[in-house]
Amino acid sequence: MRVRFAPSPTGSLHVGGARTALFNWLFARGRGGRFILRIEDTDRERSSPEMVEDILGALRWLGLDWDEGPFLQSERLDRYRQVANQLLSANQAYRCFCSTAELTAKRQAAAASGKPWKYDATCRGLSPDRVSERQARGMPSVVRFKGPREGEVAFEDRIFGRIAHRTEQIEDFVLVRSDGMPTYHLGVVLDDLDMKISHVMRGADHISNTPKQILLYRALQRPVPEFAHLPLILGPDRTRLSKRHGATAVTTYRDQGYLPAPFCNFLALLGWSSKSEAESLSTDELIRRFALEGVNKSNAVFDLEKLAWFNSQYLRNAPAERLFPLIRAELEKEGIWKEELGSSDRAWMLTVVDLLKKRVRMVSDFATQGRAFFADDFEIEAKARRKFLKDKALPLLMPDLAARLGSLPVFGLEETESALRTFAAENGVKAGLLINAARALLTGKAVAPGIFEVMVALGRERTVARLSGTSWVENEQEG
RNA sequence: GGCGCUAUGGUGUAAUUGGUUAACACGCUGCCCUCUCAAGGCAGAGAGUACGGGUUCGAUCCCCGUUAGCGCUACCA
């Protein structure tokens, strides 16, 4: 069993492409097949090497490793020309000299009068003499497939079932452009043939192209592979996902702090169902369960909320150890990484990660939401001030509380809690008032882990320093 | 316009391939817990399966039509 993913490098890898790649990969990994990567870069204008790099990078990030390739179509040009010539001499293709201008004029005329249009096969019957005469004159030409004029092309799609077209509605499509480059149709079938692809799994936007390709297989007298077309991924407005809908490139999800495993998990469930109750599945489970039978036919809407949920699930359940390198990268990005965190303070760092991971949605949140744990310079966010630092009694109470905590013989969870609560009782205020004020002062946030866990994590020294500091007071009085 | 495909709560999907009070997850609402926010627990709203016809004792499931959406209709893939 051999499958492939064949993106064209005209843009970065988008979520639809990633889903196609993932399905192919899951299919191969689940049944001992080979996953081949091929780059369809025959469109010179729109393809670029940078995009090839982007795509490879995105696939690596997703963890979709390939067994063969990447093969570039631009390196197989001789092969396409050879077969095109073979088709030409077998009278299964012909040279067409119609100019783009002529063609578009005809097409527009047809459209204007509401008539359907397909290439009118003007050059199909050209005599060999005329052809060589025109070529001698240097007239540019393309090679068109000489399709059958009657009959039917049908195939059994593994997902959509039987799909049939009448051949007369298929035009004589172009195989080789006037610049000598093959078109998509020639490229795919030849590559899939040469690379011995057994299952062609791709987006449903190719479903109407398949009959053309089958005609080519027939002309070449080669067996047709299995086809499995995948429903498309749409934006919230049910139109095809595009930049209009926000982020479509998988690298932007990577950069935003999503993790590959939950990202794949989410993608896998777009158009496919494991038929199990649990949806949060590891990559291994996805591999084990994936089957073409579970793929459905209708297009799916990309739901960011659910993706975020998968991500937070994964984060919450992941061992701190595994998250460590990712968080380190985020801290470096924020400029608050310190070498000790990787050595002497490593164990401490892991406990902080365990503390934070339960209420985080993205990896980047560790560096933003959790900044106060790793750095002493942090802002107290406006929301925290507003919610927790307004009380007039606070400027007097907090330094005293700090002193009380500072004098504790043991600085643990229970000790800090009972110290704070008795302090509150002595001063006739609710513990919550002090707790929340401490939250703002210690973390700079209105949202944080349990306050005594925070204190213990920060340690006595930093806790006392932050609680007794008074720089926040003036700001409050102004506001 | 032509051709093709699809159609279950707001979203993703289920429903022993004709027999269920139409299920699960995300999201949403309320309550509990509580030091915030999550998480967790509990309760709940939300679809009668696009619409209309058939077939059948019985249709989410089979057939036809309509509508809508999507795809293809390039010397783009």
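Figure legend: cation-pi geometry between R404(A) and F423(A) absent, as NZ or CZ is not positioned both under 6.0 Å from the six-membered ring centre and within 45° of its axis. Figure legend: R76(A) and F71(A) shown without cation-pi pairing, the cationic atom not lying both under 6.0 angstrom from the six-membered ring centre and within 45 degrees of its axis. Under the 6.0 Å distance and 45° angle rule, R371(A) does not count as a cation-pi partner of F373(A).
In summary, the aromatic rings of F35(A) and F5(A) are positioned with their centroids too far apart to meet the 6.0 Å limit. Taking the six-membered ring for Trp and the full ring otherwise, F27(A) and H199(A) have centroids separated by under 6.0 Å. Taking the six-membered ring for Trp and the full ring otherwise, F160(A) and H229(A) have centroids separated by 6.0 Å or more.
Rounded to whole Å, the separation between the P atoms of G30(B) and A45(B) comes to 15 Å. On the P atoms, C28(B) is 35 Å away from C62(B), given to the nearest whole Å. Look at the P atom in both A39(B) and G48(B): the space between them is 29 Å, to the nearest Å. Annotation: G65(B) and G2(B) have their P atoms spaced 15 Å apart (nearest Å). For the P atom pair drawn from C72(B) and G9(B), the interatomic distance equals 25 Å after rounding to whole Å. Spacing between A15(B) and A22(B) at atom P, rounded to whole Å, works out to 16 Å. Taking the C1' atoms as reference points, A59(B) lies 12 Å from C63(B), given to the whole Å. Atom name C1', nucleotides U49(B) and U21(B): the rounded distance is 15 Å, in whole Å.
Contact annotation for R144(A): backbone-only contact, meaning every heavy-atom pair under 4.0 Å involves sugar-phosphate atoms and none involves a base. Among the protein residues, P449(A) comes within range of the nucleic acid bases, having at least one heavy atom under 4.0 Å from a base atom. Heavy atoms of V301(A) sit under 4.0 angstrom from primed sugar atoms or phosphate atoms, though from no base atom. Among the protein residues, S274(A) comes within range of no part of the nucleic acid, since none of its heavy atoms lies under 4.0 Å from any strand. At a threshold of 4.0 angstrom between heavy atoms, the contacts of G203(A) with the nucleic acid are absent. Counting non-hydrogen atoms under 4.0 angstrom, K445(A) reaches nothing in the nucleic acid. Across all strands, G450(A) comes closer than 4.0 Å to base atoms (heavy-atom distances). In this structure, G294(A) reaches the sugar-phosphate backbone alone: every heavy-atom distance under 4.0 Å involves primed, P, OP1 or OP2 atoms, never a base. Counting non-hydrogen atoms under 4.0 angstrom, T100(A) reaches a base of the nucleic acid. Counting any heavy atom pair closer than 4.0 Å across all strands shown, S298(A) reaches sugar-phosphate atoms only and no base atom. Using a 4.0 Å heavy-atom criterion, one finds that A300(A) contacts the sugar-phosphate atoms exclusively.
The number of heavy atoms from other shown groups lying within 6.0 Å of CD (E379(A)) does not exceed 12. Under a cut-off of 6.0 angstrom, the local environment of CZ in R124(A) is crowded, with over 12 non-hydrogen atoms contributed by other residues, nucleotides or ligands. Few gaps surround NZ on K275(A); more than 12 heavy atoms of other groups in view lie less than 6.0 Å from it. By the 6.0 Å contact criterion, CD on E150(A) is open, its count of non-hydrogen atoms from other residues, nucleotides or ligands being 12 or less.
We find the OG-CE distance between S47(A) and M181(A) to be 8.0 Å, quoted to the nearest 0.5 Å.
When rounded to the nearest whole Å, the span between CD1 of I55(A) and P of A77(B) equals 14 Å. In this structure, the CD atom of Q169(A) is 17 Å from the P atom of G1(B), given to the nearest Å. Between the CZ atom of F452(A) and the P atom of U36(B) there is a distance of 12 Å, given to the nearest Å. Atom CZ in R44(A) sits roughly 12 Å away from atom P in A77(B) (whole-Å rounding). Rounded to whole Å, the distance from CD1 on I233(A) to P on C5(B) is 22 Å. As rounded to whole Å, 15 Å separates atom C1' of A25(B) from atom CD of E285(A). In this structure, CZ of F388(A) is placed 12 Å from C1' of U34(B), rounded to the nearest angstrom. Taking atom NZ of residue K106(A) and atom P of nucleotide C75(B), one finds them 13 Å apart after rounding to whole Å.
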Scoring nucleotides 26-32 of chain B by protein non-hydrogen atoms under 4.0 Å (B base, S sugar-phosphate only, - none) yields SS-----
Protein-proximity profile, nucleotides 60-73 of chain B, B/S/- by nucleotide at the 4.0 Å heavy-atom cutoff, equals ---------SSBSS
Report the C-alpha separation of F145(A) and Y119(A) in whole Å, then their side-chain angles, then the decisive distance to 0.1 Å, and conclude whether the ring pair (Phe, Tyr, Trp, His ring centres under 6.0 Å) test is met. CA-CA 11 Å; F145(A) 181 68; Y119(A) 175 60; over 10 Å; no
Apply the test salt bridge (Lys or Arg N to Asp or Glu O under 4.0 Å) to residues E279(A) and K306(A): give CA-CA distance (whole Å), side-chain angles for both, the deciding distance (0.1 Å), then the verdict. CA-CA 11 Å; E279(A) 294 205 326; K306(A) 193 155 186 177; 2.8 Å; yes
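Sequence order on RNA chain B of the closest nucleotides to T10(A) and V447(A) puts V447(A) first from the 5' end. Residue-to-nucleotide proximity on RNA chain B shows that, of Q73(A) and P231(A), the 5′-proximal contact is made by P231(A).
Salt-bridge check for R162(A) with E152(A): passed, with a basic side-chain N closer than 4.0 Å to an acidic carboxylate O.
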Please convert RNA chain B into dot-bracket. A pair counts if it is Watson-Crick or G-U wobble with both distances under 3.5 Å; crossing pairs go in [ ] and bases paired with another strand get |. (((((((..((((.....[...)))).(((((.......))))).....(((((..]....))))))))))))....
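Regarding the sugar-base torsion, G48(B) falls in the syn class, its angle being within 90° of 0.
The side chain of R421(A) contributes an N or O atom lying less than 4.0 Å from OP1 or OP2 of C35(B). Residue T42(A) places at least one side-chain N or O under 4.0 Å from the OP1 or OP2 atom of A77(B).
Listed nucleotides: A14(B), G12(B), A77(B). Nearest to the side chain of K275(A): A14(B). Considering only side-chain atoms of V174(A), the nucleotide from U36(B), A14(B), C75(B) that sits closest is C75(B).
Using a 3.5 Å distance cut-off with no hydrogens or angles, the side chains of N209(A) and Y184(A) do not pair a donor with an acceptor.
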